[in-house]
Amino acid sequence: MRQCIKSLTPYSTARDEYKGEVGVFLDANESPFDNGYNRYPDPHQHCLKQMLVLKKGIPEENIFIGNGSDEAIDLIFRVFCEPRIDNVISIAPSYGMYRVAAAINDVEMREVQLGENFTLPVDMMLECADDATKVMFICSPNNPTGNAFPHREILRLADRFNGIVVVDEAYIDFSDMPSLTNEISQHPNIVVLQTLSKAWGMAGLRLGIALADAQIIDIMSKVKYPYNINVATTRIAGQLLLNDVTDHVEEIKAQRAEVARKLSAVKTVRHIYPSDANFLLVRFDNPDEVYDYLISKGIIVRNRSRVRGCDGCLRITIGTIEENMKLIEALKEYER
Ligand SMILES: *Cc1c(COP(=O)(O)O)cnc(C)c1O
């Protein structure tokens, strides 16, 4: 942890100093006129966290809620990395936000390319580390490659590395592999990131989750803005978390197999990578042309063809059955 964080006196909110729920509240300089939003939100998000406790079977003291995973990623830099002195390691190709957050925090980012067929380069990551390496980022299932890494490999890295191992599980709901959260008690340097933006369908609300040892959660909670999750978001997320998204997740997984099957019959498709996520990474003979063609048909995919390790690839999110059919129809028409 950075020295300035170790010695931090966190902001103490009015709600921290008086915890009762009924009374005449004249302590926070709020407006007394009730319009549904005149009071500050709970800085600890107790209600939302209790819903996550029930869903994930993880104690509240191990849960951090942020304004998207982006907030958790940024906080990890601010808590653990001394700007211009410390460094972090990430696999590559992977999610672009790690590199952006590193740059904003003026922290060196070292990237280690994935192995053949996108395997986790555990030994190379360990070799790449020095005394100033504080954090390693592993995205599993990985964006944009789509594959999840075996737990045994991630745990081998966590056990050998004297620092924080962030495992970004944004896509875990679409994987047949379980979450690594059950390993946190045995491997207290692992921080698991999850999000309500993907399987839960709440990308617009901005809610990210970090699951980790209580000491790590405690310090992240002290460094975050006191009221990082607003009242409106809290209420809507509380309602949406009552929904069961299993059917949607199952439909996406079935459609992922179906789209892969149909893509394999398209001539310009050279390779379809196996996916544990809600997208497919697909290599094309002429990716730029296919990308532009799809746009002309009103279908927008992500062009990853110039990303090292993803040469020639487009990343295609699995949509509704109708949307996926449009994609396949368009590609068949392209062939003619
Ligand atoms: C989409 C995604 C997230 C989610 O980010 P939010 O800020 O929670 O919306 C996190 N990590 C990865 C790798 C992603 O692809």
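Atoms within a ligand are numbered from 1 in the order they appear, just like the ligands themselves. Any value given below was found using the heavy atoms of this structure, including those in side chains, with hydrogens, waters and symmetry copies removed.
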I'd like to check which ligand 1 atoms, numbered from 1 as shown, lie under 4.0 Å from a non-hydrogen atom of [X].
X: Asp70; answer: 7 (O)
X: Gly68; answer: 7 (O), 8 (O)
X: Ala170; answer: 2 (C), 3 (C), 10 (C), 11 (N), 12 (C), 14 (C)
X: Ser197; answer: 6 (P), 8 (O), 9 (O)
X: Cys139; answer: 13 (C)

Discussion item. Ignoring hydrogens, what is the shortest heavy-atom contact between Arg315 and Val301? Give both atom names and the distance.
Written reply: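 Heavy-atom minimum between the residues: O-CB, 3.6 Å.
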So does Glu21 get a backbone contact from the side chain of Lys19, meaning a donor-acceptor N/O pair under 3.5 Å?
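Not at all, since once roles are kept as given, no pair shorter than 3.5 Å links the two residues.
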Only heavy atoms count here, so choose which of [options] is nearest to [atom].
atom: atom 15 (O) of ligand 1; options: Tyr95, Tyr171, Phe279; answer: Tyr171
atom: atom 14 (C) of ligand 1; options: Gln194, Lys198, Glu71, Glu169; answer: Lys198
atom: atom 12 (C) of ligand 1; options: Asp168, Asn142, Leu196; answer: Asp168

TODO: Under 4.0 Å, heavy atoms only, figure out whether ligand 1 is touched by the backbone of Ser69, its side chain, both or neither.
DONE: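 Ser69 to ligand 1: contacts from backbone and side chain alike.
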Where does Asn143 meet ligand 1, judged by heavy-atom distances below 4.0 Å: at the side chain, the backbone, both, or neither?
->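 Side chain only.
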Side-chain polar contacts of residues 74-82 - donor-acceptor pairs under 3.5 angstrom, sequence neighbours left out - could you list them?
from  : atom 1 : to     : atom 2 : distance (Å)
Asp74 : OD1    : Asn105 : ND2    : 2.9
Asp74 : OD2    : Arg78  : NH1    : 3.3

Take every heavy atom of Arg206, measure it against each atom of ligand 1, and state whether any distance is under 4.0 Å.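 It does, in that a heavy atom of Arg206 comes within the 4.0 Å cut-off of ligand 1.
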Do the charged groups of Glu322 and Lys326 touch, with an N to O distance under 4.0 Å?
->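 Looking at Lys326 together with Glu322, the answer is no, because their closest N to O distance does not fall below 4.0 Å.
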Can you confirm if the NZ or CZ of Arg15 lies within 45° of the ring axis of Tyr227 and under 6.0 Å from the centre of its six-membered ring?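 That pair does not qualify as a cation-pi contact.
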### Task
Measure from the ring center of Tyr95 to the ring center of Phe137 and say whether it is less than 6.0 Å.
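Judged by ring-centre distance (under 6.0 Å), Tyr95 and Phe137 do not meet the cut-off.
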Enumerate, atom names and distances included, each donor-acceptor pair closer than 3.5 Å involving a side-chain atom of residues 3-12, sequence neighbours excluded.
from  : atom 1 : to    : atom 2 : distance (Å)
Ser7  : OG     : Gln3  : O      : 3.0
Ser12 : OG     : Glu17 : OE2    : 2.7

Going by the salt bridge (Lys or Arg N to Asp or Glu O under 4.0 Å) test, name the single residue among Asp276, Asp173, Asp176 that passes it with Lys253.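 Answer to the salt bridge (Lys or Arg N to Asp or Glu O under 4.0 Å) test with Lys253 among Asp276, Asp173, Asp176: Asp176.
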